[in-house]
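The structure appears right after this line, and notes come after that.
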Amino acid sequence: MPGGNIVECDLEITDGIISGFEPEVSAGKEIDAKGAFVLPGIVDIHTHGIGHNSTSDGNLKDYAEFEAKKGATAFVPTFFAPPATIAEQMRRHRRETDELGLLPQVVGFRLESPYLDHAGGGLSGDTTEINRNITEMLLDAGGGHIKIWDISPDLPGAADEVAYISSKNIICSIAHTFATIEQARAAVDSGARLVTHLFDTFQSPPHVKGGVYPVALTDYLLVEDRVTCEIIGDGTHVDPILVEKTFRCKTDARTVFVTDSNLGAGLAPDRYTLPGGWGDVMIAGPNDGVRLVDRDMGLSGSALTPIDSFRNAIQLFGKDMGTASSVCSETPAKLLGLNKGRIEKGMDGDIIILGPELDLKYTISGGSVIFKA
Ligand SMILES: [Zn+2]
């Protein structure tokens with residue numbers, strides 16, 4: 001319930017919307033969740049792939065089915081490819097899904113490349129200098145469905161492009177950057193409101209002579225209240241001490257757990273081949289990341305699924321269920337302006353039902369069961 005408290009009651013969903021809580025409701029269709037936890041569905045705003053699916057290969061219908069099996073009632077397919085390829089992929093997904101209308105879980109697109117200073121685990125051909133023609137080309141290909149756009153504040157023209165993209169009702173996210181604090185603040189002043197997987201692809205503070213303690217860009221972002229910070233919550237991408245520091249600075253109202261999942265997430269430990277020339281990856285378990293076999297086993301996204309991320313908030317980082325639900329559902333939903341992420345009258349009937357061991361029993365989207373264990 002709002003505020004993170006747990007109550008025992010019946011929950012009614014009518015026409016896809018949460019319509020009431022009663023000691024007992026009689027309904028057309030009933031699910032007995034006695035002894036189970038009923039929580040808002042998980043909202044994953046940063047995911048590149050899951051199971052055998054990825055944004056660049058395969059279709060969003062299979063992607064959404066796998067997400068349902070892992071507790072996500074909303075997700076944002078995220079692209080990391082050269083601009084022309086991203087445009088082609090967005091057009092294909094729009095065509096195949098009747099402008100996303102066939103897949104209520106898909107709440108928009110996200111572009112992680114191309115406006116990045118460095119590619120991190122990605123390929124350098126996926127990045128490019130900021131160019132208004134490229135921006136317009138991508139906006140057109142997205143057909144109004146782009147919701148988040150990553151950008152490095154140290155690229156020439158970044159602040160102007162952040163202002164322009166933000167004016168299209170798209171959230172700009174500070175990403176993959178060695179920017180100075182002044183450059184990052186200029187991006188925030190221009191409208192940037194999110195930070196892409198804080199700590200990962202950011203630099204440690206440089207050494208300073210003479211006993212002066214250096215300040216890092218991440219320190220600024222932790223105390224800049226205008227931005228929400230993403231965390232990849234697998235304990236591998238970010239040390240648990242830094243995750244705790246993020247919770248203390250940002251609180252759960254400005255911390256979002258994302259999976260940044262890649263193809264192979266949710267599959268058995270093995271070697272898989274990524275599309276688009278990324279090569280072979282190794283997966284050892286949900287918390288070990290997706291490792292690039294040909295590039296020193298470097299990390300290329302995580303092997304987390306949404307439900308792993310939620311469970312980690314509790315079991316790995318010691319948070320209570322309300323806090324875990326905030327960072328996995330309520331805060332990302334609010335950021336995107338979705339009518340989701342809380343169990344409250346009038347909100348979308350997107351819920352998950354978990355057993356006592358936090359095992360996923362049901363995923364329900366708009367009142368319809370989309371996964372049953
Ligand atoms: Zn990513």
Side-chain angles (χ1 to χ4, degrees), residues 42-51 53-57 60 63 67 70 72 74-83 85-86 89-90 93 106-128 138 142 146-152 170-177 192 194-202 221 228-234 236-238 255-266 272 274-279 281 283 286-292 295 298-306 308-309 328 332 335-336:
I42 297 170
V43 178
D44 190 3
I45 63 170
H46 189 154
T47 167
H48 302 273
I50 193 167
N53 318 288
S54 81
T55 48
S56 49
D57 227 27
L60 292 183
Y63 200 136
E67 290 281 352
K70 299 296 176 182
F75 67 98
V76 183
T78 303
F79 297 92
F80 205 125
T85 311
I86 295 177
Q89 289 160 356
M90 287 194 294
H93 291 310
V106 180
V107 293
F109 294 135
R110 174 172 185 159
L111 311 190
E112 187 165 1
S113 72
Y115 292 153
L116 301 178
D117 169 69
H118 55 277
L123 301 172
S124 56
D126 299 338
T127 65
T128 176
L138 289 167
I146 300 171
K147 293 286 180 271
I148 305 175
W149 194 315
D150 290 40
I151 194 157
S152 302
I170 295 169
I171 294 162
C172 281
S173 188
I174 293 174
H176 291 245
T177 182
L194 183 62
V195 178
T196 303
H197 40 60
L198 183 69
F199 301 114
D200 293 302
T201 69
F202 289 82
L221 296 169
T228 295
C229 291
E230 293 179 0
I231 288 288
I232 303 172
D234 61 5
T236 296
H237 278 79
V238 187
T255 304
V256 169
F257 268 32
V258 295
T259 63
D260 194 13
S261 61
N262 214 330
L263 185 141
Y272 299 95
L274 289 182
W278 291 52
V281 293
I283 289 174
N287 287 345
D288 290 311
V290 173
R291 304 263 178 189
L292 294 160
R295 279 187 278 160
L299 287 165
S300 177
S302 90
L304 287 171
T305 69
D308 295 319
S309 175
C328 292
L335 184 78
L336 289 191

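Computation of the quantities below employed the complete heavy-atom set of this structure, encompassing side-chain atoms and omitting hydrogens, waters and symmetry-equivalent molecules. From a predicted model like this one, the values you see are computed outputs, not experimental measurements. In listed order, ligands and their atoms are each counted from 1.
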Handout entry: Worked verdict on His197 versus His46 for ring-ring contact (aromatic ring centres under 6.0 Å, His included)
Key = CA-CA 9 Å; His197 40 60; His46 189 154; 5.3 Å; yes
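For residue His197, no N/O/S atom approaches the Zn ion (ligand 1) to within less than 2.8 Å.
The minimum distance between the Zn ion (ligand 1) and any N, O or S atom of Asp260 involves atom OD1. The name of the N, O or S atom in His46 nearest to the Zn ion (ligand 1) is NE2. Note on Glu112: its N/O/S atom closest to the Zn ion (ligand 1) is OE1.
In this structure, the side chains of Leu336 and Ile148 come closer than 4.5 Å at one or more pairs of heavy atoms. When side chains are defined from C-beta on, Tyr63 counts as touching Thr47, because their heavy atoms get closer than 4.5 Å.
Note: Thr177 OG1 to His118 NE2 = 7.0 Å, rounded to the nearest 0.5 Å.
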